[in-house]
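Report on the following structure.
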Amino acid sequence: MPSDTPVLARWLIGKTLVRETAQGRTAGTIVETEAYVPGDAAAHAFIGRTARNNSLFLPRGHAYVYFIYGMHFSLNVAGERAGVGGGALIRALEPVEGIALMQARRGTQRLTDLARGPGRVAEAMAIDRALDGVDLCVRASGLWLADAVRPVGDVGTSVRIGISKEAERLLRFYERGNPHVSGTRRLRM
DNA sequence: AGTGCGATTGACT
DNA sequence: GTCAATCGCACTA
């Protein structure tokens, strides 16, 4: 049974993630993702459907927001058919709109510190549990995916970051040479 | 009811 | 480079 999630994860590179709140609008170009696929021991869906990972089993295009390490939220885009379980983790954005608001949320001015890393993406975009399960193809969700706002560069592939199981899988995708991508030098080139 | 730990980050040596 | 912070969840009993 083929999985669509790696295709989605690669497709997301260059697309725009937009967040609308009472504070204003923030948006960024997605520059780094990771795919977590069915049968993947590193995936949150691997243990089966639970209250926590339920949104990963929604149809492709829904948000799965999880809380980790007692302090960070992370955003995934569900990537499979309903009931299958898989998603693309949004690991980094290049800020595009609402930069002052992102700076205020993050408590830093430096552009490359605003959304480089999944926890930072969530903080800069004010993403929390309230957005778990929303449809990212609907603007009324307050968080949605939009077309690219600029040409997209070469997309590189690498091993995933921060996991121990199935670490050898080449399921991380990123825009080559972009300074807003996380990881070590080797994983950014 | 208790336990162990995670798809991370930021502060510090 | 190393390490603490901090909490919800899955698992054991």
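Naming convention: chains lettered A, B, ... in sequence-line order (proteins, then strands); numbering from 1 in each chain.
Taking the side chain as every heavy atom from C-beta outward, A:Val37 and A:Arg169 approach each other to under 4.5 Å. Contact annotation: the side chain of A:Glu32 approaches that of A:Ile161 to within less than 4.5 Å [non-hydrogen atoms, C-beta and beyond]. Looking at A:Gln103 and A:Leu114, their side chains come closer than 4.5 Å, going by heavy atoms from C-beta outward. No side-chain heavy atom of A:Phe46 sits less than 4.5 Å from a side-chain heavy atom of A:Lys165. Looking only at side-chain heavy atoms (C-beta outward), A:Leu170 and A:Val159 come within less than 4.5 Å of each other.
Residue A:Trp144 belongs to a hydrophobic cluster whose other members are A:Val18, with links defined by side-chain heavy atoms closer than 4.5 Å. Connectivity analysis of hydrophobic side chains (ILVMFWY, heavy atoms under 4.5 Å, direct or indirect) links A:Tyr174 to A:Val31, A:Val181. Through ILVMFWY side-chain contacts below 4.5 Å, A:Val7 is grouped with nothing and stands alone. In this structure, A:Val149 belongs to a hydrophobic cluster whose other members, linked by side-chain heavy atoms under 4.5 Å apart, are A:Val96.
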- Task: Sugar-phosphate atoms are those with a prime plus P, OP1 and OP2; base atoms are the rest. Using that split, label each nucleotide of nucleotides 7-13 of chain C B, S or - for protein heavy atoms under 4.0 Å, 5' to 3'.
- Result: BSSS---
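Residues from residues 158-187 of chain A with heavy atoms under 4.0 angstrom of DNA chain C: there are none. Within residues 34-44 of chain A, the residues approaching DNA chain B are A:Tyr36, A:Ala42, A:His44, by heavy-atom distance under 4.0 Å. Looking at residues 111-122 of chain A, you'll see A:Gly117, A:Pro118, A:Gly119, A:Arg120 sit with a heavy atom under 4.0 Å from some atom of DNA chain B.
Extent of DNA chain B lying under 4.0 Å from chain A heavy atoms, first and last nucleotide in 5' to 3' order, is B:dG6 to B:dG10.
One side chain, A:Arg172 or A:Ser158, offers a donor N or O that lies under 3.5 Å from an acceptor on the other. Judged purely by distance below 3.5 Å, without hydrogens or angles, the side chains of A:Arg120 and A:Thr108 never pair a donor atom with an acceptor atom.
Using cut-offs of 30° and 60° on the angle between ring planes, the pair A:Phe73 and A:Phe67 is tilted.
The gap from the C1' atom of C:dC3 to that of B:dC5 amounts to 16 Å, rounded to the nearest Å.
The side chain to side chain donor-acceptor pair (under 3.5 Å) pairs that include a residue from residues 130-141 of chain A are A:Ser55-A:Asp132, where partners are two or more places apart or lie in different chains.
Each of A:Asn53, A:Leu56, A:Thr33 was scored for a side-chain contact (heavy atoms from CB on, under 4.5 Å) with A:Asn76, with one residue passing: A:Leu56.
Checked by atom type and distance alone, the side chain of A:Arg19 never pairs as donor or acceptor with a backbone atom of A:Ala122 at under 3.5 Å.
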- Query: Please, what dot-bracket string fits DNA chain B when only Watson-Crick and G-U pairs with both distances under 3.5 Å count, crossing ones use [ ] and pairs to another strand use |?
  - Reply: ||||||.|||||.
- Pair A:Glu123-A:Arg105, salt bridge (Lys or Arg N to Asp or Glu O under 4.0 Å): steps then yes or no: CA-CA 7 Å; A:Glu123 188 170 34; A:Arg105 286 172 177 155; over 6 Å; no
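Under the ring-ring contact (aromatic ring centres under 6.0 Å, His included) criterion, A:Phe57 pairs with no residue, sequence neighbours left out.
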